[in-house]
Amino acid sequence: MTAWERFADSFFNARVAAEYLPKIIDGFWLTVVLALSIVVSGLAAGLLLALVRSLGVRPLNWLIIFVVDLFRALPPLVIITLLFFGLPAAGMELSGFASTWLALSLVLMAFSEEIFWAGITSVPKGQWEAARSTGLTFLQTLRLVVLPQAIRLTIPPLTNRTIAITKGTALASVVAVQEILGAANAGVSFSFNPTPLTLGALAYLVLFIPVVVFGRWVETRFAWRR
Amino acid sequence: MTRRPIIEAYGIHKHFGQLHVLKGVDLVVAERELVFLIGPSGSGKSTLLRCLNRLEEPSSGTIVVDGIDLLDRRTDINKARQRIGMVFQSFNLFPHMTALGNITLALRKVLGLSRAEAEARGRAALDRVHLSDRADHYPSQLSGGQQQRVAIARAIALEPRVMLFDEPTSALDPELVGGVLAVMRELREDGMTMVVVSHEMGFARAAADRVLFMDNGLVVEEGTPEEIFGAPRHERTRAFISQIERH
């Protein structure tokens, strides 16, 4: 066997690929479900925290800032393992899937809160004043005037952050979730051949290249109409 | 003045931390009157204006507009503000809405009009500022003067009893000032009560009933435009008038 043949046999082994493709596809869909749940709950929680923060209640804002800084500082893997291996000691069991979902949602919540908040504060004070001077309430002004402008401003950083955090779903392989990486790792252990990892990498590309392209499209779609 | 007062503000004080910006100002404006507030920057004229719709919360004093006690805790300020239109130096149009959208927002969400009713009224307001053909333009597609006229339309569409203007022409290029002043003049001719913070002396001379000169948080002098611009009594008024005349 030449070096090239050895390389091809290791990473592009057709027999191994055919055997483990179904598992990788299962892992693909699991990753999709996990990533979507994280995006929905993380962004919703982040927006909610930013809205609460805009009410300007001091003690509440200190609490929000503390929580946000906490989850921005902790490595996601630490949170996942704490939830998965730590909580059972306190009598609560979370599955690997639930631990990963919760951990990454909290991290996305923390980062997106900061991004939403930056967007809200970057809307000029005059916008608030003009809206309030016509009789709109605080909440109407927030919803109809400030948020639409704030969210446009936040789309690019939010898209980047969301992609970065959803790729963290690969960390779930550490807590025995058979998502793409978990399924690929299992395949490698059983077949003694790294080809399942190649399939895994391809699966990530199939999943995330459209997401990245979508992010680009969203950015142009939300640019100011001029 | 035999007409009944529509704005009655007495003993208005405003502190910003250590800064005492308004030191007991009285302002009574009669219905259909046009009052000009002039004075150096930091004199408190804009702060006084902003107190009149409670964008700024006075530290003490009483303000009654069209019979509504603005500083009474039981007053629904959002309801009161429907009767008090305001126009800002920097226009503050909502950039994500068309000219018509800017105007109909409060008509729909505050007055509760249907979209069709709001749009009919919005188009009528745009017509009054001579911009009917710009209804579907976004603010970024309009000149500064057009933006300010849309902002005026946004305010008058709510049919306010009083209009407040906070330096409406100071952010405009000179050639765009005329159009905004013309619209203000037509409003005045239609009988709108107006309080204007501005240094447009030509406009004040032509249209104002009364000019108040403020300095250092107090009304120093008031009178007709002829009195204030032609024969100011106080030293500080004289110094200020000669300064803005040089520009």
Side-chain angles (χ1 to χ4, degrees), chain A residues 43 46-47 50-52 54-58 61 112 115-159 215-226, chain B residues 46 49-50 52-56 76-98 101-112 125 136-142 147-148 150-160 162-166 171:
Chain A
L43 292 182
L47 181 59
L51 293 181
V52 172
S54 74
L55 297 175
V57 185
R58 281 269 177 84
N61 286 3
S112 65
I115 295 171
F116 283 128
W117 177 245
I120 290 173
T121 52
S122 69
V123 173
K125 216 171 121 233
Q127 294 286 311
W128 284 95
E129 293 181 344
R132 296 304 305 274
S133 77
T134 59
L136 292 169
T137 64
F138 175 87
L139 285 178
Q140 285 177 319
T141 302
L142 187 63
R143 184 164 59 86
L144 301 165
V145 174
V146 175
L147 273 188
Q149 298 182 53
I151 286 179
R152 267 163 210 244
L153 293 167
T154 59
I155 290 290
L158 211 53
T159 313
R216 213 179 275 285
W217 176 80
V218 166
E219 278 174 35
T220 42
R221 168 72 183 73
F222 277 78
W224 293 110
R225 264 175 274 191
R226 289 191 190 278
Chain B
S46 278
L49 191 78
R50 292 158 56 83
L52 298 180
N53 68 351
R54 233 178 81 188
L55 274 188
E56 219 65 82
D76 179 353
I77 189 65
N78 299 316
K79 224 170 178 73
R81 281 178 178 149
Q82 295 168 28
R83 310 189 188 195
I84 310 168
M86 188 160 195
V87 173
F88 301 85
Q89 179 176 359
S90 48
F91 330 135
N92 299 346
L93 291 183
F94 311 133
H96 57 302
M97 297 179 189
T98 62
N102 267 272
I103 299 168
T104 53
L105 181 68
L107 295 177
R108 292 169 54 207
K109 302 294 173 177
V110 178
L111 298 190
D136 300 321
H137 286 58
Y138 284 85
S140 58
Q141 299 167 318
L142 299 171
Q147 288 188 51
Q148 191 61 298
V150 171
I152 293 173
R154 175 172 68 184
I156 61 175
L158 288 158
E159 295 175 352
V162 173
M163 284 283 289
L164 310 175
F165 291 85
D166 191 3

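Note on naming: letters A, B, ... go to the chains in the order of the sequence lines (proteins, then strands), and numbering restarts at 1 for each one.
Comparing B/Arg54, B/Arg50, B/His137 by how many heavy-atom pairs each has under 4.5 Å with chain A, the most go to B/Arg50. Put simply, of A/Pro124, A/Ala131, A/Gly135, the one with the most heavy-atom pairs under 4.5 Å next to chain B is A/Gly135.
At least one side-chain heavy atom of A/Val145 sits under 4.5 Å from a side-chain heavy atom of B/Leu105. In this structure the side chain of A/Leu136 never reaches within 4.5 angstrom of the side chain of B/Asn78, judged on heavy atoms. B/Gln82 has its side chain out of reach of A/Thr134: every pair of non-hydrogen atoms, C-beta onward, lies at least 4.5 Å apart.
In plain terms, the two heavy atoms of B/Met97 and A/Leu144 that are nearest each other are CE-O, 3.5 Å.
Of the atoms belonging to B/Arg83, not a single heavy atom falls under 4.5 Å from chain A. Using a 4.5 Å cut-off between heavy atoms, B/Ile84 touches chain A through its backbone atoms (N, CA, C, O) alone. Of the atoms belonging to A/Gln140, it is side-chain heavy atoms, and not backbone ones, that fall under 4.5 Å from chain B.
Considering NE2 of B/His96 and CG of A/Leu147, their distance stands at 9.5 Å, rounded to 0.5 Å. Expressed to the nearest 0.5 Å, how far CZ of B/Arg81 lies from OG1 of A/Thr137 amounts to 10.5 Å.
Applying the ring pair (Phe, Tyr, Trp, His ring centres under 6.0 Å) test to residues at least two apart or on different chains, the pairs with a partner in residues 127-148 of chain A are A/Trp128-A/Phe138.
Side-chain polar atoms of B/Asn53 and A/Arg132 form no donor-acceptor pair below 3.5 angstrom.
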Below 3.5 Å, can you tabulate the donor-acceptor pairs from side chains in residues 87-95 of chain B to any protein atom, sequence neighbours excluded?
unit_1	atom_1	unit_2	atom_2	d
B/Ser90	OG	B/Asn92	OD1	2.9
B/Asn92	ND2	A/Gly126	O	3.1

